[in-house]
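Data first, discussion second: the structure below is written as C-alpha cells.
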Amino acid sequence: MEEDLNDVVRMALSESTDAESVAQDLARQLMHPHLGCVLFFCSAEYDLPALANALEQYFGGVRLVGCTTAGEITPQGYGRGCVSAIGFDHRSFSIAAARIDALDSFSLLDAQQVVAQLAEECRGSSREPISGHSFALTLLDGLSSREELVLSALNAAFGRIPHFGGSAGDDNYLTRTHVYHDGRFHTGAAVVVLVHTALDFEVFTTHHIQPLDEKLVVTAADPASRTVFELNAEPAALEYARLLGVDPRQLDLETFALHPLAVRLGEQHYVRSIQRVNPDLSLTFYCAVENGIVLTAMQPGPLLPNLRALFDGLEQRLGPLLLTIGCDCFLRRMEVEARGLVADTAGLLVRHRVIGFNTYGEQFNGMHINQTFTGVAIGRPGRGLCR
C-alpha cells in the first residue's frame, strides 16, 4: 500500500547543511517520471541563493514552491535546520502558482486576476470543475505585516474555494523571511498556490486556547505596524505584565506562548499573539490590532487531546490520510517543547503524514490567525468525493 501512496505523493527530508547535498537528497527521494510539483519548507539558516540554484539544477522543469520557516515538520516529526518537502504526481494533482510582489497595493482586482490565472492553468489539465475540487495555499513573508490586506482581497476572489496558509519564518530571529517561487527566494512577497484534485480533502483549523475572565481594552494602537501602545490606558507591556503577575522584564516568547490574548468574534475567540516588547513598553503583535477592541486573556488547554480529536474527525470523514499539509504556529511548538510533549506530538504528526512548517501566523479562509494548527488533509485514492 505504501508503494501505491508514493505513486500519488512522496515526502522527503534533508538534514544536510550543504545546498547541493540538500538538492541531491530531495531529488533522490522525490524524482519520478510523473512528478509535477514540489512544495518545500526550509530553515532560513541555509545559503538561500545557493539553495535556489541547486534546486533549479536538480529539479529542472518541475514547479517548485516553498518558504523559510520557524521550524520544520518532516516525515520524521519536528525538525530544525533542515528541509522537508512534498512531491505531487501530476496525474492526481494539477497545481498552479503565482507570486505577489506589491503587497502594499494589492487590490481586489489584482486578486481576481491572480485567481483567474491560476484557475485557467489548472482547468487546462483537468476535466473536473475548479469549484468543489480545489483548495488554495498562501505563503506570505512573515514580517511584511500585510497579511490582512492580501487575505481580504484573495478571500473575495476565491469565492467558494477553501484556502489556508502560513507566514514564513526565519528560525525565530524575526529579521528576514522568504518565499520561494520561479527559481528564487523573495522577501516582501507572497506565493498563492491553487491545487486541483479529484481526491477527497478538507481544509481545517484548530487551537487549544481557552478564554479566561480578564479583559484588556486597546486604548492606543497603530494597526499598520501592529503595535499596541496602551492597554486599559496604561503602557501596554506594564498592563499585560500586571495581568500575569510578573515583572515586565520577564516577558519573553515563552510567556507570550503560554499567556496569549484573543479577540472574540461571535462565539469564537481568535488569538492575537504578541511578538515582542518594545523599548517604549509598547507591544508588537503578529496580527493587526485595532483601537478600541477588547482583548480576552487566554490560557492553553490540553494540546494533544485537541490534536487527536481533530485527526479522529478528519479520518472519520476522509478515511486514512494520504497527506496533511500543516501550518503550525511556532508559539505552539515552543509550548510543546516547554511542556515536554515533543515526542508524543511528533508521533501524532508522523502517524497522520503531516508535512509542513512552524509559522509566524496562519491563514484560514481570509482570516489571519495565531497559535493554531491549520492546513489541509487529503484522503487516499479510491474513496468517494465529499467536502
Side-chain angles (χ1 to χ4, degrees), residues 13-19 22 40-52 55 66-74 78-85 103 138-147 165-181 184-191 224-228 237 248-260 271-288 326-338 342 356-363 368-373:
L13 164 66
S14 176
E15 297 179 291
S16 174
T17 57
D18 172 71
V22 168
F40 72 90
F41 309 102
C42 71
S43 166
E45 297 282 358
Y46 284 102
D47 179 337
L48 296 179
L51 181 60
L55 290 172
C67 70
T68 56
T69 78
E72 299 78 51
I73 304 175
T74 81
Y78 287 123
R80 284 208 187 277
C82 63
V83 182
S84 61
L103 299 183
T138 48
L139 302 174
L140 285 94
D141 181 330
L143 299 177
S144 68
S145 299
R146 292 296 178 267
E147 286 96 335
S167 299
D170 65 347
D171 299 280
N172 301 358
Y173 290 114
L174 298 173
T175 55
R176 197 167 176 84
T177 61
H178 300 76
V179 297
Y180 179 95
H181 178 261
R184 291 178 48 224
F185 285 93
H186 305 264
T187 60
V191 178
S225 64
R226 299 177 174 173
T227 302
V228 173
R249 291 170 295 185
Q250 294 177 297
L251 298 178
D252 57 17
L253 285 175
E254 184 174 324
T255 303
F256 302 150
L258 297 178
H259 302 279
V271 173
R272 297 292 181 256
S273 295
I274 301 170
Q275 182 183 119
R276 64 177 182 269
V277 178
N278 300 311
D280 64 356
L281 297 179
S282 64
L283 297 172
T284 297
F285 284 70
Y286 283 101
C287 285
C327 300
D328 195 26
C329 181
F330 86 107
L331 293 172
R332 286 170 55 93
R333 176 157 173 175
M334 290 187 69
E335 180 190 341
V336 164
E337 292 170 347
V342 171
F357 71 113
N358 297 115
T359 76
Y360 283 171
E362 304 79 60
Q363 299 124 36
H368 184 211
I369 49 183
N370 295 135
Q371 278 183 260
T372 74
F373 178 61

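These numbers were taken from a predicted model, which means no experiment stands behind them.
- Between the side chain of E72 and the backbone N or O of C82, at least one donor-acceptor pair lies under 3.5 Å.
- Proximity of a side-chain donor or acceptor of N370 to a complementary backbone N or O of G361 within less than 3.5 Å is not detected.
- Note that the OG1 atom of T227 and the CG atom of L283 stand 9.0 Å from one another [nearest 0.5 Å].
- The two residues G356 and S84 come nearest to each other via the heavy atoms O-OG, 3.6 Å.
- Atom CZ of F357 and atom CD1 of I73 lie 9.0 Å apart (nearest 0.5 Å).
- The closest side-chain heavy-atom distance from F285 to S273 is not below 4.5 Å.
- For the pair D170 (side chain) and T175 (backbone), a donor-acceptor distance under 3.5 Å is present.
- No side-chain heavy atom of T359 sits under 4.5 Å from any side-chain heavy atom of C67.
- For the residue pair E45/Y173, the side-chain donor-acceptor check at 3.5 Å is satisfied.
- In terms of modelled atom types and a separation under 3.5 Å, the side chain of R80 and the main chain of A70 share a donor-acceptor contact.
- Using modelled atom types, no side-chain atom of T68 and backbone atom of S43 make a donor-acceptor pair closer than 3.5 Å.
- Other residues, nucleotides and ligands contribute at most 12 non-hydrogen atoms within 6.0 Å of the CZ atom of R176.
- Y180 places no side-chain N or O within 3.5 Å of a backbone atom of F41 that could act as its donor or acceptor partner.
- To the nearest 0.5 Å, atoms OG1 (T372) and CG (L331) are separated by 11.0 Å.
- For E15, there are no salt bridge (Lys or Arg N to Asp or Glu O under 4.0 Å) partners two or more places apart in sequence or in a different chain.
- A salt bridge links E147 with R226; the closest basic N to acidic carboxylate O contact falls under 4.0 Å.
- Of all the heavy atoms in S167 and H368, the pair that sits closest is OG-NE2, 3.9 Å.
- With sequence neighbours excluded, the residues satisfying side chain to side chain contact (heavy atoms under 4.5 Å, CB included) with P49 are D47.
- The closest donor-acceptor contact from the side chain of D171 to the backbone of A44 lies under 3.5 Å.
- Here CZ of F185 is found 4.0 Å from SG of C42. Values are rounded to the nearest 0.5 Å.
- Using modelled atom types, one side-chain atom of D280 and one backbone atom of S282 make a donor-acceptor pair closer than 3.5 Å.
- A pairwise comparison of heavy atoms in T177 and A168 identifies CG2-O, 3.4 Å as the closest pair.
- In this structure, the salt bridge (Lys or Arg N to Asp or Glu O under 4.0 Å) partners of R146, at least two apart in sequence or on a different chain, are D104.
- Atom CG of L251 sits about 14.0 Å away from atom CZ of R276, to the nearest 0.5 Å.
- With a 4.5 Å cut-off on side-chain heavy atoms, T69 and F330 do not count as touching.
- Between the side chain of Q371 and the backbone N or O of R332, no donor-acceptor pair lies under 3.5 Å.
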